[in-house]
Amino acid sequence: MLTLPIIQPEAAAPAKARKPDWLRVKLPVGPAYANVRRLVDEHKLHTICESGNCPNMGECWGAGTATFMILGNICTRSCSFCAVATGRPSELDLDEPRRVAEAIQLMGVKHAVLTSVNRDELKDRGASVWYETVVQTKQLSPTTTIETLIPDVKANWAALDTMIAGGQEVVSHNMETVGSLYRLVRPQGKYDRSLEQIQRTKQAGKRTKSGIMLGLGETKDEMYKAMDDLVAHGLDILTLGQYLQPTKRHIEVAEFIHPDLFAHYREEGLRRGLKYVESGPLVRSSYHAERHVNVPI
């Protein structure tokens with residue numbers, strides 16, 4: 001008699017945790033938001049607020065803050081948390097500073113946040129475009145304050161000097177996560193190198209800022225160490241927010257962090273010597289950015 005093997009049913013994949021209630025996003029409303037929305041649509045302007053589907057877009061636009069990405073939309077890095085396309089950029093638009101400055105003027109932006117992809121293939125990492133964008137924005141909109149969220153320059157400190165010399169009020173560089181998770185989250189980055197970049201920015205007399213995503217598997221002790229390291233390297237402002245997986249191809253959320261723990265980290269950061277901490281599930285790098293220009297250097 002033929003004996004058939006007994007086939008055990010496959011174990012069901014563990015169900016993904018449902019997003020908790022505190023991650024619900026309010027719909028953007030208000031006349032200030034509506035005006036910016038109209039200008040963006042009419043003039044086909046590009047903001048990271050939209051393309052990143054930021055949960056705080058309505059609140060930020062209502063406060064006169066908007067975030068723009070320069071140097072194209074193809075990044076030379078392949079971070080496991082980021083949905084920006086990875087590859088080798090083919091163009092460098094030297095007219096971009098003028099167009100960004102005109103867009104900021106047209107929108108009546110009170111506080112502009114500028115960010116960019118990594119351009120590791122460029123000798124100056126795109127520093128000249130960074131510098132010109134800040135300078136030309138200041139020329140057209142002298143009362144507009146600016147934060148530059150700059151990428152890792154891979155220890156090209158001459159490029160860093162150029163990037164931060166345009167007259168911006170805040171210079172930000174995101175750590176993104178704790179040291180033990182760098183290989184997983186930022187495989188082409190280095191924890192100590194990013195700390196040195198922040199330290200050199202501070203030594204140049206700038207107001208320094210960074211951001212960390214929570215929920216990637218970090219422990220409390222690792223967060224405390226990260227905050228201590230940042231204080232030791234001259235950081236002024238820290239943002240802490242919940243990591244959310246952009247697509248199935250990206251690293252999964254390890255944990256949804258409760259608002260109470262975000263509040264605890266805020267108090268710990270201030271106690272450990274940071275001057276300003278934005279901490280909450282929906283906080284992103286540019287959240288309440290207009291307030292950060294008033295943090296004393």
Side-chain angles (χ1 to χ4, degrees), residues 76-77 79 81 113-120 122-128 130-131 134 145-183 185-214 216 218 221-241 265-266 268-279 283-286 289 291-297:
T76 53
R77 304 285 179 96
C79 299
F81 67 91
V113 180
L114 304 175
T115 187
S116 82
V117 294
N118 285 272
R119 294 295 299 263
D120 294 327
L122 297 175
K123 186 175 181 180
D124 76 341
R125 308 290 190 257
S128 61
W130 270 106
Y131 176 80
V134 174
T145 53
I146 300 174
E147 172 187 328
T148 52
L149 173 53
I150 61 177
D152 169 21
V153 298
K154 278 193 169 180
N156 184 335
W157 304 127
L160 175 65
D161 290 343
T162 300
M163 285 181 181
I164 66 178
Q168 60 268 65
E169 283 75 14
V170 181
V171 178
S172 182
H173 172 62
N174 283 346
M175 296 297 294
E176 307 295 5
T177 189
V178 298
S180 67
L181 295 176
Y182 252 58
R183 282 193 177 185
V185 178
R186 293 187 65 194
Q188 293 141 299
K190 292 183 179 180
Y191 182 79
D192 290 339
R193 188 170 66 200
S194 282
L195 285 174
E196 183 176 357
Q197 181 162 321
I198 290 169
Q199 184 176 51
R200 286 175 176 269
T201 302
K202 187 61 179 178
Q203 289 171 345
K206 303 300 180 181
R207 186 177 285 104
T208 52
K209 178 178 170 180
S210 189
I212 293 177
M213 302 175 293
L214 274 62
L216 287 163
E218 70 288 333
D221 285 342
E222 287 175 328
M223 280 298 301
Y224 299 150
K225 182 180 186 305
M227 288 190 282
D228 287 341
D229 288 342
L230 286 165
V231 170
H233 286 79
L235 191 75
D236 298 315
I237 304 155
L238 179 64
T239 62
L240 302 174
Y265 283 140
R266 179 183 181 276
E268 276 295 315
L270 294 173
R271 187 179 71 81
R272 291 167 184 269
L274 292 164
K275 296 175 183 175
Y276 197 105
V277 182
E278 293 280 359
S279 184
V283 168
R284 297 296 179 263
S285 296
S286 55
R291 302 179 184 179
H292 302 161
V293 300
N294 297 317
V295 174
I297 298 178

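- Contact of the D120 side chain with the R125 side chain is registered, since non-hydrogen atoms from C-beta on lie closer than 4.5 Å.
- Taking both residues in full, the closest heavy atoms of A204 and I164 are given as CB-CD1, 3.8 Å, listed atom of the first, atom of the second, then distance.
- Remark: the E222 side chain and the S180 side chain contain an N/O donor-acceptor pair separated by less than 3.5 Å.
- Salt-bridge check for R193 with E196: failed, with every basic side-chain N at 4.0 Å or more from each acidic carboxylate O.
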Worked verdict on E278 versus L238 for side chain to side chain contact (heavy atoms under 4.5 Å, CB included): CA-CA 6 Å; E278 293 280 359; L238 179 64; over 6 Å; no
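- Between K225 and the choices D229, D228, D221, the salt bridge (charged side-chain N to carboxylate O under 4.0 Å, His left out) rule is met once, by D229.
- Remark: E169 CD to I297 CD1 distance equals 9.5 Å, nearest 0.5 Å.
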Set out, in order, the CA-CA distance, both residues' side-chain angles and the distance that settles side chain to side chain contact (heavy atoms under 4.5 Å, CB included) for V185 and L216, then state yes or no. CA-CA 8 Å; V185 178; L216 287 163; 4.0 Å; yes
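- In this structure, T76 OG1 and R119 CZ are separated by 8.0 Å, a value rounded to the nearest 0.5 Å.
- Considering every non-hydrogen atom in both V153 and L160, the closest pair reads CG2-CB, 4.3 Å.
- Here the OG-NZ distance, from S172 to K206, works out to 14.5 Å after rounding to the nearest 0.5 Å.
- Between K123 atom NZ and N156 atom CG the span is 9.5 Å, to the nearest 0.5 Å.
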Residues K209, D236; criterion salt bridge (Lys or Arg N to Asp or Glu O under 4.0 Å); working and verdict: CA-CA 6 Å; K209 178 178 170 180; D236 298 315; over 6 Å; no
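- Of the inter-residue distances, the one linking T208 atom OG1 with H173 atom NE2 reads 12.0 Å to the nearest 0.5 angstrom.
- Note that the CZ atom of R271 and the OH atom of Y224 stand 8.5 Å from one another [nearest 0.5 Å].
- Counting non-hydrogen atoms of neighbouring residues, nucleotides and ligands closer than 6.0 angstrom, the NZ atom of K202 exceeds 12 such neighbours.
- Here the closest non-hydrogen pair linking K275 and V295 is CB-CG1, 3.8 Å.
- Under the 4.5 Å side-chain criterion, counting only non-hydrogen atoms from C-beta, V231 is in contact with L274.
- P151 approaches Q197 most closely through the heavy-atom pair O-NE2, 2.9 Å.
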Show, in sequence, the C-alpha distance, side-chain angles and deciding distance for R266 and L240, and conclude whether the side chain to side chain contact (heavy atoms under 4.5 Å, CB included) test is met. CA-CA 8 Å; R266 179 183 181 276; L240 302 174; over 6 Å; no
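- Checked by atom type, the side-chain pair Q168/T148 shows a donor-acceptor distance below 3.5 Å.
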Step by step, would you call I198 with S210 a side chain to side chain contact (heavy atoms under 4.5 Å, CB included)? CA-CA 8 Å; I198 290 169; S210 189; 4.0 Å; yes
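- W130 has its side chain within reach of I150: a pair of non-hydrogen atoms, C-beta onward, lies under 4.5 Å apart.
- Judged purely by atom type and a 3.5 angstrom limit, D161 has no side-chain atom pairing as donor or acceptor with the backbone of A165.
- Between Y276 and N294, the side chains place no donor N or O within less than 3.5 Å of an acceptor N or O (distance only, hydrogens not considered).
- Across M223 and E218, no two heavy atoms sit closer than the pair CG-CG, 3.8 Å.
- A side-chain donor-acceptor contact under 3.5 Å links S285 and N174.
- Of all non-hydrogen atoms in L230 and M175, the two that sit nearest each other are CD2-CG, 3.7 Å.
- Side-chain contact between V293 and E147 is absent, with no heavy-atom pair separated by less than 4.5 Å.
- At a threshold of 4.5 Å between non-hydrogen side-chain atoms, the residues T177 and Y191 do not count as touching.
- Side chain to side chain, R207 and T201 fail the donor-acceptor criterion of an N or O pair below 3.5 Å.
- Residues D152 and S194 bring no donor and acceptor atom of their side chains to less than 3.5 Å of each other.
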